[in-house]
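Single-structure report; data block below.
Residues: numbered from 1 along the sequence shown. Order of appearance sets the numbers: ligands from 1, and atoms from 1 within every ligand. Reckoned from all heavy atoms, side chains included, excluding hydrogens, waters and symmetry mates.
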Amino acid sequence: MYGSFQKHLQAELKAIDEAGLYKRERNICSPQGAEITLQDGSKALNFCANNYLGLADSPRLVAAAKKAMDERGYGMSSVRFICGTQDRHRELEQAVARYFRTDDAILYAACFDANGGVFEPLFTAEDAIISDSLNHASIIDGVRLCKAVRYRYANADMADLERCLQEAQAQRFRIIVTDGVFSMDGNVAPMDRICDLAEKYDALVMVDESHSAGVVGRTGHGVAEQFDCYGRIDIFTGTLGKSFGGAVGGFTTGRQEIIDLLRQRSRPYLFSNSLPPMIVGAGIELFKMLEESDALHTKQQENVVYFREKMLAAGFDIKPTQSAICAVMLYDAPLSQKFAAKMAEEGIFVTGFYYPVVPKGQARIRVQISAAHEKEHLDKAIAAFVKVGKELGVLK
Ligand SMILES: *Cc1c(COP(=O)(O)O)cnc(C)c1O
């Protein structure tokens, strides 16, 4: 049997490669950070990690993870409801709820699972899910697993959302779902206007704070803080894999009955292993750190402003951003690939994105700015951008 299937797979792989879409992985031989070491011993500056607060190699989190392992072992060998809940899982859930000012939280192995398991237990074919067109793949998959009627509105387009809400009056319950920050442009969902429309049209609101938590808002607590929407958002999902330490883990947090029902019915929670003690212990420490000080958030924000201003002054075209994501627009797809490759030769890791990841003619380099970056890192990256920009005729 495998022979003909193998030929089919080989053709698929070849087609991916010929379309220029084959993803090749680079082996890093150091902890994740602003400066990384590659397998050939060379060093690079990393501007494409989601390590927004620079905590991926935090000595304090590493120590907390080790301590938790010493005290509570390596793994749980169980799902939460059978024998996989330690006191500390509840402690971390309460820390998440405090951070987002919600009633309670529920942990998952990843935010992909949180989003995969949030809709199906709560909504039926009688209900409506109204989703932003640029929402994350895990939201799209989660919606697919649920029988609710689906509506899609153009990215952050409030007139289009209103149209969907009007049509969705036919259903019993409605929920509007949005990413807090959209990962390609770095734009922020207009939560205040979304919440206004939700009130007007009797809808629930859910936001995925994966890219916004730790970054957006006066003290980095996400879009609810930025738009002062506390009490108006029913469900938050998020990840421990970006600002919050960068390991793994996800969560859903929000109103008590919603969390209670997810604990009873959410399939990725019920049928997948409990988070290990090291992740939970480091997670608890992480929220302690963020409660003590928002210095990392402040530094991250200052770095974004610095980078943007220098790049604009150098003549680059950068999308307006309110997050850690800076999209340097090149528009041309082959140019974006060539640009990213030349940046790597200069020792700067950035990602080139082009169709179908972004719309046709909207190719770009995405730069992700972290609190781990020092001024000299930013200056080196800007100098490399200018050099490559001149070589490739992007800058005069
Ligand atoms: C990264 C991301 C996820 C996935 O998070 P994991 O914990 O890595 O599964 C989900 N939603 C959004 C918006 C993301 O950016």
Side-chain angles (χ1 to χ4, degrees), residues 23 25 32 48-53 55-56 61 92-93 96 99-100 105-119 129 131-145 152 155-156 175-189 191 194 205-217 220 222-224 226 233 235-254 262 266-269 272-276 278-280 282-283 286-287 321-327 351 353 357-358 366-370:
K23 296 171 191 69
E25 298 174 2
Q32 184 65 281
C48 51
N50 303 315
N51 185 22
Y52 297 134
L53 296 180
L55 292 170
L61 294 187
L92 177 55
E93 284 170 343
V96 169
Y99 187 89
F100 289 96
I106 173 173
L107 296 170
Y108 290 84
C111 185
F112 206 104
D113 290 323
N115 286 331
V118 70
F119 300 107
I129 301 173
S131 182
D132 188 288
S133 62
L134 290 190
N135 278 344
H136 190 263
S138 54
I139 294 178
I140 296 169
D141 284 9
V143 172
R144 279 191 190 136
L145 294 170
R152 212 171 89 117
N155 178 231
I175 182 163
I176 304 168
V177 186
T178 182
D179 280 13
V181 161
F182 297 93
S183 65
M184 288 300 141
D185 287 4
N187 58 316
V188 173
M191 287 317 297
I194 290 174
V205 176
M206 168 176 151
V207 58
D208 179 339
E209 292 264 28
S210 289
H211 277 293
S212 40
V215 175
V216 171
V223 287
Q226 165 111 345
I233 297 171
I235 302 174
F236 297 82
T237 58
T239 181
L240 300 177
K242 292 184 173 117
S243 287
F244 292 160
V248 285
F251 54 82
T252 300
T253 183
L262 292 176
S266 180
R267 293 164 69 83
Y269 183 80
S272 187
N273 213 36
S274 187
L275 280 178
M278 59 185 148
I279 298 290
V280 177
L286 161 90
F287 285 102
T321 184
Q322 295 159 287
S323 65
I325 293 164
C326 294
T351 323
F353 285 112
V357 180
V358 294
R366 183 177 74 176
V367 181
Q368 290 171 284
I369 305 289
S370 164

- Query: For N51 and S370, does a side-chain donor sit closer than 3.5 Å to a side-chain acceptor?
  - Reply: no
- Message: Please check: side-chain N/O of N135 versus main-chain N/O of V177, any donor-acceptor pairing under 3.5 Å?
- Response: yes
- Message: For a quick test of reading the model, state the closest non-hydrogen atom pair linking L55 to L61 and the distance between them.
- Response: O-CD1, 3.8 Å
- Does the N or O separation between G250 and ligand 1 drop below 3.5 Å for any pair? no
- Query: Counting from 1, what ligand 1 atoms have a heavy atom of S210 closer than 4.0 Å?
  - Reply: 2 (C), 3 (C), 10 (C), 11 (N), 12 (C), 13 (C), 14 (C), 15 (O)
- Task: Just need the protein heavy atom nearest to atom 9 (O) of ligand 1, so name the residue and atom and give the distance.
- Result: F112 N, 2.9 Å
- Where ligand 1 meets K242 - atom numbers and elements under 4.0 angstrom, heavy-atom basis: 1 (C), 2 (C), 3 (C), 14 (C), 15 (O)
- Item | Protein contact of atom 11 (N) of ligand 1 - nearest heavy atom, named by residue and atom, plus distance | D208 OD2, 2.6 Å
- Heavy-atom side-chain proximity of L134 to D179 below 4.5 angstrom: no
- May I ask you to identify the nearest protein heavy atom to atom 8 (O) of ligand 1, giving residue, atom name and distance to one decimal place in Å? T239 OG1, 4.0 Å
- Considering only non-hydrogen protein atoms, determine which one is nearest to atom 5 (O) of ligand 1 and report residue, atom name and distance to 0.1 Å. C111 CB, 3.3 Å
- Message: Heavy-atom pairs closer than 4.0 Å: do any link ligand 1 to the side chain of S138, the backbone, both, or neither?
- Response: side chain
- Item | Proximal atoms of ligand 1 relative to D179 (non-hydrogen, under 4.0 Å) | 13 (C)
- Query: Where do S212 and G180 come nearest, in terms of heavy atoms and distance?
  - Reply: OG-CA, 3.6 Å
- Item | G249 to ligand 1, any heavy atom closer than 4.0 Å | yes
- Would you say the side chains of S266 and Y108 form a donor-acceptor pair under 3.5 Å? yes
- Shortest non-hydrogen pair, F244 vs T239, comes out as CD1-O, 3.5 Å
- Nearest heavy atom to atom 4 (C) of ligand 1: which of H211, H136, E209 does it belong to? H136
- Message: Regarding ligand 1, does A110 bring an N or O atom to under 3.5 Å of one of the ligand's N or O atoms?
- Response: no
- Message: Quick one, Y99 with F236, criterion ring-ring contact (aromatic ring centres under 6.0 Å, His included). Give me CA distance, side-chain angles, the key distance, then yes/no.
- Response: CA-CA 11 Å; Y99 187 89; F236 297 82; 9.9 Å; no
